[in-house]
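Okay, so here's the structure we're looking at.
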Amino acid sequence: MLDRKFIVENVDLVQRNCVHRGLQIDVAELVRNEGLRRDKLQEVEELNRRANEVSKSIGRATNDTEREQRMEEGRRLRAAKDAAQQGHDLLEVAVLETQRRIPNLSHPDVPVGRDDNANLEVRRGQHEIRSFEFVPRDHLQIGDHLDLFDFEAASRVSGHGFYYLRNDAVLLELALQRYALDIAATAGFTLTTTPDLARNEILEGIGFNPRGDETQIYSVVGTDLSLVATAEITLGGYLAGQTLAVEQLPIRLAGISHCFRTEAGAHGRETRGLYRVHQFTKVEMFVFCEPEQSDAMLEEICGLQCQVFDGLEIPYRVVDTATGDLGGPAYRKYDLEAWMPGRGDGGTWGEVTSTSNCTDYQARRLQIRFKKPGEKGTQFVHTLNGTAVAISRAMIALVENHQQSDGSVLIPEKLRPYLGKDRIVPK
RNA sequence: GGAGAGGUGGCUGAGUGGUCGAAAGCGCCGGUUUGCUAAAUCGGUGACCUGGUAACGGGUCCGCAGGUUCGAAUCCUGUCCUCUCCGCCA
């Protein structure tokens, strides 16, 4: 959520940003309503002040007649206040509804464009796209050969979009987690596991909408809990409502969670295999920092993501996400797209990680502030999130890039200590 | 799941209808004093919103949301959370 005062003072800027993001929002209307709301608030506060005055005088009243008169006066003022308050609240609801829909500002360097076609490639990983001396298989064929996945059983048990991992895929999942955790820990991240369910208010604070037809979120009936779509939710929520001392910042958290996504409306496109599934495991990085630190922090997180995939010897490119493809809370977002030789027609890039600087957009809703000694008041922290490793997609990239002509998968050196073997072969 | 207790400022903790945004202590900031460490002493010290160039005002906040009342930290209802005991359980 953007600061309301900021919106009022920067109508054109905010309106232009909405347009760049492909959103139809009437910022001017919000500003008009906010003006009316403020006037109304003044009225409410003035009535309140007078009513408080009267109430206090009742305690000091010397006789019954005077007391009765004052009480009547008090009743009248409170009624007037309630009426004004009601008017105010209607305006508040209207303003807030629009305010919530306004996306974060965009970093000046973010490419302007309607969708991911406008994304800008900013760099490549250390490893070149491999040319195969045979026709590379996709991860499903590799999985068949090596007995790594079972989608059929999963569809009987849970339906489309689920999977069983089997044999070395199980060990690979754990190895990838451990590998990514070590990189995060070395970079100063505190390791956590997080709940896989969270309160809806936390989801909303992070910028997810648990309700509605297009929701990506599974909710638990009869509770106000939802299954998390990412540990970003639980890591960001970790400090909800807290006021931190500036010396505590930056706070770096890395968390393992399962991620649950309904993928509503995503059927029919790129849904084969592990690429788009309803559940996967992810190691996520999250940072709370001072505003001046967040630009550099985004680069730091992106650097770690590169380290993860360079270490896995997987070719990738980094793209600076265009305005129309940015999520609401993000001010700037880098995606790592790994080369997936078995995907599409002869291989394509597929998104494997994402990192966003959300500036104070999430912190404002989650009420996460910090205080500087000697300074009056508080400021909102900046929050950033980034994938360390999303297991299912990393696994696709790994087996497809490292497949051998004999059908085995060669494990990159850095991952071997974690997996305990250097090659996956048929049983 | 059953029974009980409780949620107050950075912390501990008092406050059961009016002058309470809230005692006291700790912590923190500043002054004084004793040549240092430290102690004593005095003063200051919450957040959010809002009016005002400012000085300085106003409003809200005692887990959260409602209700009663002229007036609620205090009474009522709901809800969330914490603790204790019992039961069940990986």
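Chain letters run A, B, ... following the sequence lines, proteins first, then strands; residues in each count from 1.
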Given that both distances must come in under 3.5 Å, which nucleotide forms a Watson-Crick or G-U wobble pair with B/rA65?
B/rU77

Is there a Watson-Crick or G-U wobble partner for B/rU53 with both distances under 3.5 Å, and which nucleotide is it?
none

Using Watson-Crick geometry (N1-N3 plus N6-O4 or O6-N4) or G-U wobble (N1-O2, O6-N3), each under 3.5 Å, B/rA47 is paired with B/rU60

Residue matched to B/rG21 through Watson-Crick or wobble contacts both under 3.5 angstrom
none

Which nucleotide, if any, forms a Watson-Crick or G-U wobble pair with B/rC83, using both distances under 3.5 Å?
B/rG4

Less than 3.5 Å between a donor and an acceptor, one on the side chain of A/E45 and one on the base of B/rG58, is that the case here?
yes

Reckon A/K371 touches a base, only the sugar-phosphate, or nothing at all at heavy-atom distances under 4.0 Å?
sugar-phosphate

Over 12 foreign heavy atoms within 6.0 Å of CD, A/E299:
yes

Check: A/A363 main-chain N/O paired with A/D360 side-chain donor or acceptor under 3.5 Å
no

A/R199 side chain: which of B/rC81, B/rG18, B/rU50 is closest?
B/rC81

Using the C1' atom as the point on both nucleotides, what is the distance between B/rU68 and B/rG59, in whole Å?
23 Å

If you check every side-chain atom of A/T378, which of B/rC48, B/rG51, B/rG59 has the closest atom?
B/rC48

With sugar-phosphate meaning primed atoms plus P, OP1 and OP2, does A/R76 contact a base, only sugar-phosphate, or nothing at under 4.0 Å between heavy atoms?
nothing

B/rA72 pairs with, by Watson-Crick or G-U criteria that keep both distances under 3.5 Å
none

Check whether any side-chain heavy atom of A/V389 lies under 4.5 Å from a side-chain heavy atom of A/Y179, and answer yes or no.
no

Member of A/L384, A/L298, A/T359, A/L105 meeting the side chain to side chain contact (heavy atoms under 4.5 Å, CB included) criterion with A/R332:
A/L298

Nucleotide opposite B/rU37 in a Watson-Crick or G-U pair, distances under 3.5 Å
none

Classify the ring geometry between A/F151 and A/Y163 as parallel (under 30°), tilted (30 to 60°) or perpendicular (over 60°).
tilted

Taking for each residue the nucleotide of RNA chain B with the nearest heavy atom, is it A/E72 or A/D3 whose nucleotide lies nearer the 5' end?
A/D3

Within a strict 4.5 Å, meaning less than it, do heavy atoms of the A/C358 and A/N385 side chains meet?
yes

Distance check, P atoms only: B/rC70 and B/rG15, in whole angstrom units.
29 Å

Return the nucleotide paired to B/rG30: Watson-Crick means purine N1 to pyrimidine N3 with N6-O4 or O6-N4, wobble means G-U with N1-O2 and O6-N3, both under 3.5 Å.
B/rC42

As a test of reading the structure: which of B/rC70, B/rC81, B/rC49 is closest to the side chain of A/L41, going by heavy atoms?
B/rC49

A/S55 side chain, from C-beta outward: closest of B/rC49, B/rC70, B/rU60
B/rC70

5'-most contact on RNA chain B: A/D224 or A/R37, nearest heavy atom basis?
A/R37

Atom C1', compared across B/rC89 and B/rC20: separation rounded to whole Å
48 Å

Using a heavy-atom cut-off of under 4.0 Å over every strand shown, decide if A/K5 touches base, sugar-phosphate, or nothing.
sugar-phosphate

